[in-house]
Amino acid sequence: MSTVNICRENTDPFYRYKMPLIQSKIEGRGNGIKTAVVNTSEVARALGRPPSYLIKYFGFELGAQTSINESTDRYLVNGVHEASKLQDTLDGFINKFVLCASCKNPETDFAITKNDDLFRDCKACGHRSPVDLRHKLASYILKNPPESAKGSGKKKKAATASANVVGGGVSISDIASGKKKGEADEEAEDDADSDDDALTRKINAEASELPDAQPIADDDWAVDVSEEAVRKRAQELENMNLDASTNAYDKLGAWLLEAEDKEDLPSDVEIFKKAVELEIQNDEATVQVLAQCLFDEDIIDEIEEHAGLLTKLIKTPKHEKAFLGGLERFLGLDKPELLPKISKILLTVYENELVSEEILKDWGSKVSKKYVDKEVSKKVKKAAKPFIKWLDEADEESDEE
């Protein structure tokens, strides 16, 4: 099997992190022609990522529909795509979603915060590299997180060449001597523990010769990174910033409402700068405030006008729900006379890809008192029912085709 360095910029032939070269196969003809990525699972295993992430990335980058069937290990990308082109595209996935931004090491796991921020957590240097949430794959990952990011407590090590590509963790000398993978792994772990103990003893011995020296314990070198400790530190930071954030939303809303008419409203660039100044540009509550303060009777045209700003700020499903919550308050409480236009309003939101079809359906299918009282919510959802029905019928027609 031909292998290549995971980071292809690194031309060192002894680079330890390797992956198989992508193998593709063209299937079908005419409009039904597809490219099967034959060894998706092997490449994904070497990168320590689910196979679906690779295929979805190809689909987003190449503008093609994809088909994923993990049970049969079959992964398709519509259209004709040469293996070399897919390999070049994969480099982008590796740089954005695998390699540590600090040390360029591929031994990373995804970490998802409670605010739906996505990070690459490096096991080599400890650096946390943020993932650009504007990329469509980031939204897919947040909706379909890997097991290691679900808080299962069993962290999976990122796969390397020795673990997943050539030999599965058994060295050539082990194979020659007839050792099995389990035996080789156990001996390697024992050797590693022995080396660590010897190193610790040596450091303690040398340190004891210094004035007032104390033996160095493992705990002195470590930072508590258990889930409970991390959660506690995050809670402390949240409590420190809670009042400031709440005031910041009020300030943004008041600042927007100072405009007496549409002509006086700040530009999208000014609004974004204001959110950055208040340090709330990444918060879902920010888009809720905008949904309540940015529009008036011409809301359909205004959504089109501010689509660029909203696309930049709406990053995750939580942001999408918050935006719909803000619209619910605006239409249900401030401008109930606009409720007959809600289908056109939601269609404009949908066509500008501000909110996904799944979130719109979920929002329209149930009454909630999160943003308004139950009666108002019921009135808004009832008015939106024709649009939700249209979405369902469009899906049915697509399935029939």
Side-chain angles (χ1 to χ4, degrees), residues 3-9 17-27 33-101 104-112 116-122 129-150 156 158-160 164-165 311 314-317 353 356-358:
T3 62
V4 64
N5 290 346
I6 287 178
C7 179
R8 289 206 291 169
E9 294 176 2
Y17 303 106
K18 296 188 181 294
M19 64 180 175
L21 282 168
I22 283 183
Q23 299 171 11
S24 64
K25 179 183 177 184
I26 309 302
E27 299 179 354
I33 197 164
K34 299 178 177 66
T35 300
V37 186
V38 180
N39 61 338
T40 302
S41 296
E42 289 79 5
V43 176
R45 191 179 304 117
L47 297 176
R49 298 292 183 263
S52 59
Y53 291 4
L54 275 65
I55 299 302
K56 280 291 183 183
Y57 184 84
F58 289 151
F60 292 138
E61 290 295 308
L62 301 171
Q65 291 185 335
T66 57
S67 174
I68 298 170
N69 192 329
E70 295 185 356
S71 60
T72 59
D73 198 28
R74 185 166 168 78
Y75 303 94
L76 304 173
V77 182
N78 281 13
V80 178
H81 308 286
E82 298 295 332
S84 58
K85 183 179 180 182
L86 293 174
Q87 193 73 53
D88 291 339
T89 305
L90 183 64
D91 287 341
F93 173 82
I94 291 170
N95 283 320
K96 294 173 184 174
F97 296 95
V98 178
L99 296 180
C100 171
K104 297 299 180 184
N105 192 305
E107 289 193 29
T108 62
D109 284 336
F110 281 134
I112 300 174
D116 276 344
D117 290 323
L118 185 60
F119 292 90
R120 286 161 288 167
D121 194 3
C122 184
S129 314
V131 173
D132 187 356
L133 296 178
R134 291 171 297 181
H135 198 287
K136 289 183 179 180
L137 182 64
S139 299
Y140 179 81
I141 293 172
L142 290 173
K143 292 175 184 176
N144 305 274
E147 289 297 325
S148 60
K150 291 180 180 179
K156 294 182 179 178
T160 64
N164 293 299
V165 180
T311 300
I314 298 175
K315 302 176 179 179
T316 68
E353 298 184 353
S356 68
E357 182 178 335
E358 293 79 9

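Here CG of Leu47 is found 9.0 Å from CG of Leu99. Values are rounded to the nearest 0.5 Å. The distance from the CG atom of Asp116 to the CG atom of Leu133 is 8.5 Å, given to the nearest 0.5 Å. Taken from CD1 in Ile141 to CD1 in Ile112, the straight-line distance is 8.0 Å, to the nearest 0.5 Å. Distance OH/Tyr57 to OG1/Thr66: 14.0 Å, rounded to 0.5 Å. Rounded to the nearest 0.5 Å, atoms SG (Cys100) and CD (Glu107) are 11.0 Å apart. Going from atom CG of Leu137 over to atom CD of Glu61 covers 9.0 Å, rounded to the nearest 0.5 Å.
Leu76 places a side-chain heavy atom less than 4.5 Å from the side chain of Glu27. When side chains are defined from C-beta on, Thr108 counts as touching Arg49, because their heavy atoms get closer than 4.5 Å. Considering only heavy atoms from C-beta on, Gln65 stays 4.5 Å or farther from Lys34 through its side chain.
Atom CD of Glu353 is surrounded by 12 or fewer heavy atoms from other residues, nucleotides or ligands within 6.0 Å. In the displayed structure, Lys143 atom NZ is contacted under 6.0 Å by more than 12 heavy atoms of other residues, nucleotides or ligands.
Proximity of a side-chain donor or acceptor of Asn69 to a complementary backbone N or O of Ser71 within less than 3.5 Å is detected. A donor-acceptor pair is defined here as one N or O able to donate and one able to accept, closer than 3.5 Å; no such pair exists between the side chain of Arg120 and the backbone of Val131. With hydrogens and angles disregarded, a donor-acceptor distance shorter than 3.5 Å links the side chain of Thr35 to the backbone of Gly79.
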Report all side-chain donor-acceptor pairs from residues 90-97 shorter than 3.5 Å, counting only partners two or more places apart or in another chain.
from: Asp91; atom 1: OD1; to: Arg8; atom 2: NE; distance (Å): 3.2
from: Asp91; atom 1: OD2; to: Arg8; atom 2: NE; distance (Å): 3.0
from: Asp91; atom 1: OD2; to: Arg8; atom 2: NH2; distance (Å): 2.6
from: Asn95; atom 1: ND2; to: Asp91; atom 2: O; distance (Å): 3.2

>> Applying side chain to side chain contact (heavy atoms under 4.5 Å, CB included) to Phe58 and Thr40, what does each step give before you reach the verdict?
In response: CA-CA 11 Å; Phe58 289 151; Thr40 302; over 6 Å; no
